[in-house]
Amino acid sequence: MNIRQMTEIAEQWLTTFILNEWTFFQLAIIVAGYGFASVLASRTEPAMEAKARLIKGNPDLLRVIIALMRRMMWLFLVGWLWIANVVLSKSAWPSQRWLVSTALTLAAAWFVISVLTKIIRNPTLSRAVAIGSWSYIALYAVGLDGPVLSALDGLAVNLGAVRLSLLLVLKALVLAIALIWIAVLIGNMLSHWVQRSADLSPSIKVLISKFIKIGLIVIAGAIALSATGVDLTALTIFSGAVGVGIGFGLQKVVSNFISGIIILIDKSIKPGDTITLGDTFGSIRDLRSRFVSVITRDGKEYLIPNEDFISQQVVNWSFSSDYVRIDVDFGTSYDSDPHQVVKIAIATASTVPRVANQYKPPVCWLTGFGASSLDFRLRFWISDPANGLTNVRGQVLMALWDAFKKAGVSIPFPHHEIIMKSPIEIKQPD
């Protein structure tokens, strides 16, 4: 077939299918349907979306429902085109309604894809998946999927006995992303089910959840490679050659990963524990495969590598018990009765809400005769160290101040007495 013959076929196709009254008639139907759907959607979407937001439950399901409410225009357009296609099918040839049928397929595909992809939380990834899926359906609807796929398959390179084409890479990439996403979704569902179990400790829950997610992701990747025709045994040589170099580069990553597994197995720390590591004091929020998230009292979130919890000294305030003893030192003047001071201090500490009187009552001891004061140490227990230590010390000290002031017990301040052995003459200025 030469260029002249191809040009004649194109002109005949253009005259037969494009430049005729049926094409303009179908365009008018599509434009009218779009206007009708827009007006109807503008009147119904706000009320339906407001009612949908009252639904309580799974946030992913709610996101899909809200996306459905915001795309009512496409739903109405699909309904309009479906009715038009049914009417035209009874009174016109397929060649006289192809534009309406194609528009119906594309509109329905975009409506379904744009709603379902809202399950993906990342907006950019969600839009990319939606556009990619709809583009393939559009090529299929107009019959161009075969030539495009053949062209992609023609762009290939031979790596020994393996033929690597652009089509194979795209298929493997799309299938791997889809399967891994499904694996992560199923892993999150199973993880939530494990977290609700009352028979497992927090560390075991995290360990089981991580093994489930990692196992599902590995299985999904293997299935994706096998489904696209990639021989997994062919990767053995590649993995052996590159594995050594990657191992040196990922030494710290692997070390932190193994350390995280050890932490979960020996249950040294768990979510909710109050810990001190170096200068960091806070509550453990989450255990990850590479780091531990620790939130301090000032709202900062430290991402501490798992390896530090293995190699450094860690103070776990709630390892075997949530109760923590706190010491508060204070002093009173020498003219105070120490027996009375002890009674006042114990009674005052017992009135502070955070002091755990039911566990062990506060005690107070005279610890020494200082240079300017009688020195005492007040000891009490709390059961919520995650809520802070400095603030409860401050509450106890403020309560002691009020109690001593009411009882007439004075708190001394350092002073020095100077005795002059020889008289000093002081002259008044002129």
Side-chain angles (χ1 to χ4, degrees), residues 202 268-286 292-302 304 309 312-418:
S268 56
I269 58 174
K270 59 183 181 297
D273 281 353
T274 302
I275 60 99
T276 299
L277 179 63
D279 297 332
T280 304
F281 171 80
S283 177
I284 295 179
R285 178 181 177 271
D286 193 12
V292 176
S293 171
V294 178
I295 297 181
T296 60
R297 291 288 299 163
D298 55 0
K300 295 179 181 179
E301 187 167 1
Y302 289 85
I304 304 175
F309 287 88
Q312 299 185 23
Q313 181 179 355
V314 180
V315 178
N316 191 337
W317 295 77
S318 51
F319 178 69
S320 58
S321 174
D322 290 331
Y323 290 100
V324 175
R325 192 186 73 183
I326 298 179
D327 295 344
V328 173
D329 296 323
F330 65 94
T332 62
S333 61
Y334 271 94
D335 58 358
S336 304
D337 182 1
H339 301 285
Q340 182 188 13
V341 171
V342 169
K343 293 180 181 179
I344 293 175
I346 293 175
T348 302
S350 301
T351 62
V352 177
R354 288 185 59 193
V355 175
N357 300 297
Q358 70 281 2
Y359 179 68
K360 287 184 180 180
V363 295
C364 185
W365 304 103
L366 176 64
T367 58
F369 299 101
S372 303
S373 64
L374 297 173
D375 298 331
F376 295 88
R377 176 165 294 172
L378 175 63
R379 288 177 171 174
F380 56 90
W381 294 78
I382 62 173
S383 60
D384 54 349
N387 292 329
L389 305 179
T390 303
N391 52 5
V392 70
R393 285 194 180 99
Q395 293 171 5
V396 171
L397 288 172
M398 289 293 291
L400 287 175
W401 173 272
D402 295 336
F404 288 158
K405 188 175 183 181
K406 183 178 180 180
V409 177
S410 60
I411 299 176
F413 53 87
H415 63 278
H416 297 280
E417 184 177 344
I418 302 175

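All figures in this text were calculated on a predicted structure; none of them were measured in a lab.
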Taking every non-hydrogen atom, the tightest pair across V342 and C364: CG1-O, 3.7 Å
Within the supplied structure, the quantity of interest is the number of heavy atoms (other residues, nucleotides, ligands) at a distance under 6.0 Å from Q313 CD; does it exceed 12? no
Given W317 and L389, is the side chain to side chain contact (heavy atoms under 4.5 Å, CB included) satisfied, shown in steps? CA-CA 11 Å; W317 295 77; L389 305 179; 3.6 Å; yes
With side chains defined as the heavy atoms from C-beta onward, is the minimum distance between V315 and F281 less than 4.5 Å? no
Over all heavy atoms of both residues, which pair between Y323 and A356 is shortest? Give the atoms and the distance, please. CE2-CB, 3.8 Å
With a 3.5 Å distance limit and no angle check, can you tell me whether R325 reaches the backbone of R379 through a side-chain donor-acceptor pair? no
As an exercise, state the distance from OG1 of T332 to CD of Q340, rounded to the nearest 0.5 Å. 9.5 Å
Using a 3.5 Å cut-off and no angle test, enumerate the donor-acceptor pairs between side-chain atoms of residues 345-352 and protein atoms at least two apart in sequence or in another chain.
from	atom 1	to	atom 2	distance (Å)
T348	OG1	I344	O	2.6
S350	OG	I346	O	2.9
S350	OG	N357	OD1	3.4
T351	OG1	T348	O	2.5

Between S410 and P412, what is the shortest heavy-atom contact and its length? O-CD, 3.8 Å
For residues S336 and V341, report the shortest heavy-atom separation together with the two atoms involved. CB-CG2, 4.1 Å
So F376 and F330, would you call those rings parallel, tilted or perpendicular, with 30° and 60° as cut-offs? parallel
Side-chain (T296) to main-chain (G282) donor-acceptor, under 3.5 angstrom: no
What is the ring orientation for Y359 with W381, classed by angle as parallel under 30°, tilted 30 to 60°, or perpendicular over 60°? perpendicular
Minimal non-hydrogen separation, R354 against I382, with atom names: O-CG2, 3.4 Å
Has the side chain of Y334 got a donor or acceptor atom that lies under 3.5 Å from a matching backbone atom of G370? yes
Look at the side chain of N316 and the backbone N and O of S268, then say whether any donor-acceptor pair between them is shorter than 3.5 Å. yes
Kindly say whether I275 contributes a backbone atom to a donor-acceptor pair with the side chain of D273 at under 3.5 angstrom? no
Taking atom CG of L378 and atom OG1 of T367, what is their separation to the nearest 0.5 Å? 11.5 Å
So T280 and V294, side chain to side chain contact (heavy atoms under 4.5 Å, CB included) or not? Walk me through it. CA-CA 8 Å; T280 304; V294 178; 4.2 Å; yes
Rounding to 0.5 Å, atoms CG (L400) and CD1 (I411) come to a distance of 7.5 Å
